[in-house]
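Worksheet: the structure to be examined is printed underneath.
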Amino acid sequence: MARRFVLKPQPADLSTRFTIDYAGELNPQQYAVVTAADGPVLVIAGAGTGKTRTLIYRVAYLVETGVPPEQIVLLTFTRRAAAEMLGRASGLLDGRCSRVRGGTFHSFCLGVLREYAPRIGFPRNFSILDASDAADVVDVLRTAGGYHKGDKRFPRKRSLHALFSAALNRDVSVGELILSRFPQFAGYVNEIEDLASQYEAYKVQYGLMDYDDLLRRTLSLFEHHDDVRQRVSGSCLHVLVDEYQDTNRLQAALVRQLASVHGNVMAVGDDAQSIYGFRGAEPENIFAFPDDFNGTQVLKLEHNYRSTQPILSLANHVITKAEQKYDKTLFSEKKQGELPALVQAADDRFESRFICQMILQLREEGVPLNRIAVLFRSAYNSYHLETELNRCNIPFVKYGGLKLNEAAHIKDVVAYLRIAENPRDAVAWNRILLLLPGVGPKTANDLIQWIVAGSEDPFQLEHRPFSPRYAEALRELFDMLRAIRSPEATLLQQIETITPYYEPILKQKYYEDYPKRLQDLEHFVALAGTFSSRSDFLASLALDPIELTALEAEAASKDEPPLVLSTIHSAKGLEFHTVFLLHALDGVLPSFYSLKEPGGLDEELRLLYVAITRAEENLFISYPVVQYRRSYGEYFSRPTRFLDNLPEQIIEPWTVVEEGAAPPALPPAPPPVALPAPAFPDDDDLLPF
DNA sequence: TTTCCCAAGCTTTTT
DNA sequence: GCTTGGGAAA
């Protein structure tokens, strides 16, 4: 019997049913972005203009207007950023937003490839190579090919891989790149190009992908398999891309593919904050966006809610020094505030003590530690400070330093897991075979050939030529691997099978500091416990590297959220009540290396701009007058050229002195008279650091 | 072929 | 301060 079901009429105005008062909670510019119609939208957002907040509301708005959350894709620069944004969006909307797909380009591509990799000749369980794995591959090939036999210097494995990667990300051939930017290797163009193609072949042969492969193989998957593109892009009803100024050519092409079915893309960026040129990022992507997408609506966010006017004035001043002109002047809603300080310290120790004491004072005043950040150009710039912080018992996390998965002993353990996941993973095999006594590069290579060419069960020793020198060790290894391969073993059980096997090796290999490394392993085991599948765990380690200090800080202080130490790059998108920038020296920021790069100085300047605009209330830029270099001794350093000749109404000079020598250099006391300017060496004599 | 030892060289920013 | 490469002994 046929029936008729009568639908009730839909309410004419959906807005009355929104749970969020968008117009009330956002300014008109933000509101325009959040409620923008379908189609391509480009948002030019200055620093501190509530970009993140706007994107969060946009996601919520889309969900409220009926877009299925799983058809929204939010591409961000780090997974941390994605998780934070989706968390906040979920908070706005009773958890519905948690089903939004979010992550980095790399993690999104990984998801696509895990499904479609066989279409382009890769196994689904391909392994992901990090930079040092990739360098290991290059090393194996280079040794096998005997390239380093020449009389001149052949590039090192890391340089080689960096070269391959740079060529790919800039869409030029390795040969062209060498001639244009690395003339010192020009004598080896043919050899290096050979190696590059061997590297590619090796990855295909053993089912391996490096970071670049994740992007470019996904792109080529879309380009050559239209049904896949249709399917994937069809599931992306809305694509939102954060930090668009830091996308490279590949990523921009991916965005075009993802939006090719529905055409709903929102890209958000700020060309003045482009700091990834070294990785092939092309800030021009922002300006090319309207050409790439017909009918692009361009919207702007200009009101700064983060920083006080004095901090913005400094930022505005600094950015005018760029070669390239930026059409930017930031205005704050917060008019009042302390002047940014340019703090001169005698040396590293003074600088560190100044920062620690100031932090303690701020904490006294009620500023939580995790609202304070110390930023620096390079991870090692903070060594002295870290010692001093430990002395003062100030807990901290450091972002941008050594990652958990970069530590050799962690990489070893991960290698066992990787083999269990992908038994053809030659890099992982190489790594763990070399740990066996009596096995060197040659034997390892031979064994890998046997193993990979072998039967379905790669962990059989029978019928394989092997020497008694390492037979017993190999048998033990295979027994262990077979145990963790067992389908019943949970991830935690697998790791608990590995550790007793690996500990003797660890003890032997790192006898001096093995207890410390053992501790890392314990953290690692604990971390593994939070994952359910081995493949998720491995992917997360590769794509969302965890800071070594993050685990330590967590273990050490449950009571107080720690201070943040971070490279400027890793602080992108974040904001803090108080920001310290240390080692603001010529040669550090701008980095010595940047002088050789075309456009390098501007990028360093933008880096300073990013650092400055992280601050809400207080900004202290400090530098030591005397630096020490082993092999050179002590020498005078020079503060960053970017702050030369700034008026005192823009940045206030401070001097740090020992108690008794002069009034303490702490507010509200007026800053003491500056020391006589140090005798700077001539630019010619100036050392890189 | 492996392993040990010593000298040389280099040292940014990230997925 | 650390990795990397070369050379020589086992």
Side-chain angles (χ1 to χ4, degrees), chain A residues 75-82 103-110 128-136 139 142-143 148-149 153-159 162 165-166 168-169 209-216 243 246-248 250-251 274-281 375-381 383 399-403 405-406 408 433-434 436-446 467 469-470 508-509 539-545 547 566-572 583 587-597 600 603-604 606-608 610-611 628-631 687-689:
Chain A
L75 295 172
T76 56
F77 217 70
T78 60
R79 257 215 240 172
R80 189 154 55 113
T104 58
F105 277 91
H106 291 85
S107 67
F108 183 87
C109 289
L110 176 66
I128 303 169
L129 306 185
D130 67 19
S132 76
D133 296 324
D136 286 348
D139 196 39
R142 186 182 54 170
T143 311
H148 52 298
K149 292 281 184 267
R153 286 180 39 92
F154 197 72
R156 316 173 101 191
K157 58 182 182 182
R158 277 173 200 280
S159 316
S165 173
L168 192 89
N169 280 298
M209 291 207 198
D210 62 20
Y211 290 137
D212 300 325
D213 287 321
L214 294 177
L215 301 183
R216 77 191 243 249
E243 312 281 10
D246 284 323
T247 57
N248 64 22
L250 281 173
Q251 291 164 323
S274 160
I275 53 175
Y276 280 87
F278 71 93
R279 199 171 83 174
L375 306 182
F376 32 85
R377 172 69 235 261
S378 312
Y380 66 82
N381 294 151
Y383 285 170
Y399 295 101
L402 189 68
K403 304 291 196 295
N405 52 327
E406 285 165 358
L433 289 174
L434 287 175
L436 303 180
V439 177
K442 178 73 171 68
T443 311
N445 193 39
D446 293 345
S467 145
R469 194 159 34 115
Y470 47 79
Q508 209 242 322
K509 194 172 161 196
S540 171
L541 283 174
L543 295 183
D544 190 22
E547 313 288 336
S566 175
T567 57
I568 302 173
H569 285 91
S570 295
K572 183 186 172 61
H583 272 51
V588 174
L589 180 66
S591 147
F592 172 71
Y593 306 97
S594 70
L595 299 175
K596 292 179 290 194
E597 301 281 320
E603 179 146 319
E604 300 288 308
R606 293 192 297 267
L607 212 39
L608 176 61
V610 168
Y628 177 78
R629 290 253 97 200
R630 213 176 18 80
S631 82
L687 271 189
F689 302 98

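Note on naming: letters A, B, ... go to the chains in the order of the sequence lines (proteins, then strands), and numbering restarts at 1 for each one. For the numbers below, each heavy atom of this structure counts, side chains included, while hydrogens, waters and symmetry mates do not.
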If you only use heavy atoms from C-beta on, which nucleotide in [options] is closest to the side chain of [X]?
X: A:Arg279; options: B:dT12, B:dT2, B:dT14; answer: B:dT14
X: A:Lys442; options: B:dT15, B:dT13, B:dT1; answer: B:dT1
X: A:Thr443; options: B:dT13, B:dT1, B:dT14; answer: B:dT1
X: A:Lys157; options: C:dT4, B:dT12, B:dT15; answer: C:dT4

In whole Å, I'd like the distance from the [atom1] atom of [X] to the [atom2] atom of [N].
X: A:Leu589; N: B:dT13; atom1: CG; atom2: C1'; value: 11 Å
X: A:Leu433; N: B:dT2; atom1: CG; atom2: P; value: 11 Å
X: A:Phe376; N: B:dT13; atom1: CZ; atom2: C1'; value: 12 Å
X: A:Lys403; N: B:dT13; atom1: NZ; atom2: C1'; value: 10 Å
X: A:Asn248; N: B:dT13; atom1: CG; atom2: C1'; value: 15 Å
X: A:Phe154; N: C:dG5; atom1: CZ; atom2: P; value: 11 Å

*Mutual orientation of the aromatic rings belonging to A:Tyr211 and A:His106 [parallel < 30°, tilted 30-60°, perpendicular > 60°]*: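 Answer is perpendicular, since the angle exceeds 60°.
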
For [X], report the nucleic acid contact type (base, sugar-phosphate, nothing); a contact means any heavy atom under 4.0 Å.
X: A:Ser570; result: sugar-phosphate
X: A:Ala131; result: nothing
X: A:Phe105; result: nothing
X: A:Arg158; result: sugar-phosphate

Hey, does the side chain of [X] come within less than 4.0 Å of [N]'s phosphate (OP1/OP2), counting only N and O?
X: A:Arg469; N: C:dA10; result: no
X: A:Ser594; N: B:dT12; result: no
X: A:Thr567; N: B:dT14; result: yes

*asked:* Let's go through A:Arg142 and A:Lys157 carefully: what are the C-alpha distance in whole Å and the side-chain angles of both, what is the deciding distance for side chain to side chain contact (heavy atoms under 4.5 Å, CB included) to 0.1 Å, and is it a yes or a no?
replied: CA-CA 8 Å; A:Arg142 186 182 54 170; A:Lys157 58 182 182 182; 4.3 Å; yes

*On a whole-Å scale, what distance lies between the P atoms belonging to B:dT12 and C:dG5?*
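Their P atoms lie roughly 16 Å apart.
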
*Just by distance, do the side chain of A:Glu243 and the backbone of A:Phe77 share a donor-acceptor pair under 3.5 Å?*
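No, A:Glu243 side chain to A:Phe77 backbone: no donor-acceptor pair under 3.5 Å.
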
_Nearest heavy atom decides the nucleotide; on that basis, is A:Ala444 or A:Leu607 closer to the 5' end of DNA chain B?_
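Looking at DNA chain B, the more 5' nearest nucleotide goes with A:Ala444.
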
*asked:* Need to verify one output field. Residue with the more 5' nearest nucleotide on DNA chain B, A:Tyr211 or A:Val439?
replied: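 Whichever sits nearer the 5' end wins; that is A:Val439.
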
_Candidate list A:Asp210, A:Asp212, A:Asp213, test side-chain contact (heavy atoms from CB on, under 4.5 Å), partner A:Leu129, passing option_ =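 Filter result, single survivor: A:Asp210.
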
*Do A:Arg156 and C:dT4 have a side chain to base donor-acceptor pair shorter than 3.5 Å?*
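Result: no qualifying N/O pair found.
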
_Candidate pair A:Phe105 and A:Thr247, rule side chain to side chain contact (heavy atoms under 4.5 Å, CB included), full reasoning_ = CA-CA 9 Å; A:Phe105 277 91; A:Thr247 57; 4.0 Å; yes

*Under 3.5 Å, is there a donor-acceptor pair between the A:Thr567 and A:Ser570 side chains?*
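There is such a pair between these side chains.
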
*Do we count A:Phe278 as stacking onto B:dT12 if the rule is ring centres under 5.5 Å and planes under 30°?*
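Not stacked: fails the 5.5 Å / 30° test.
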
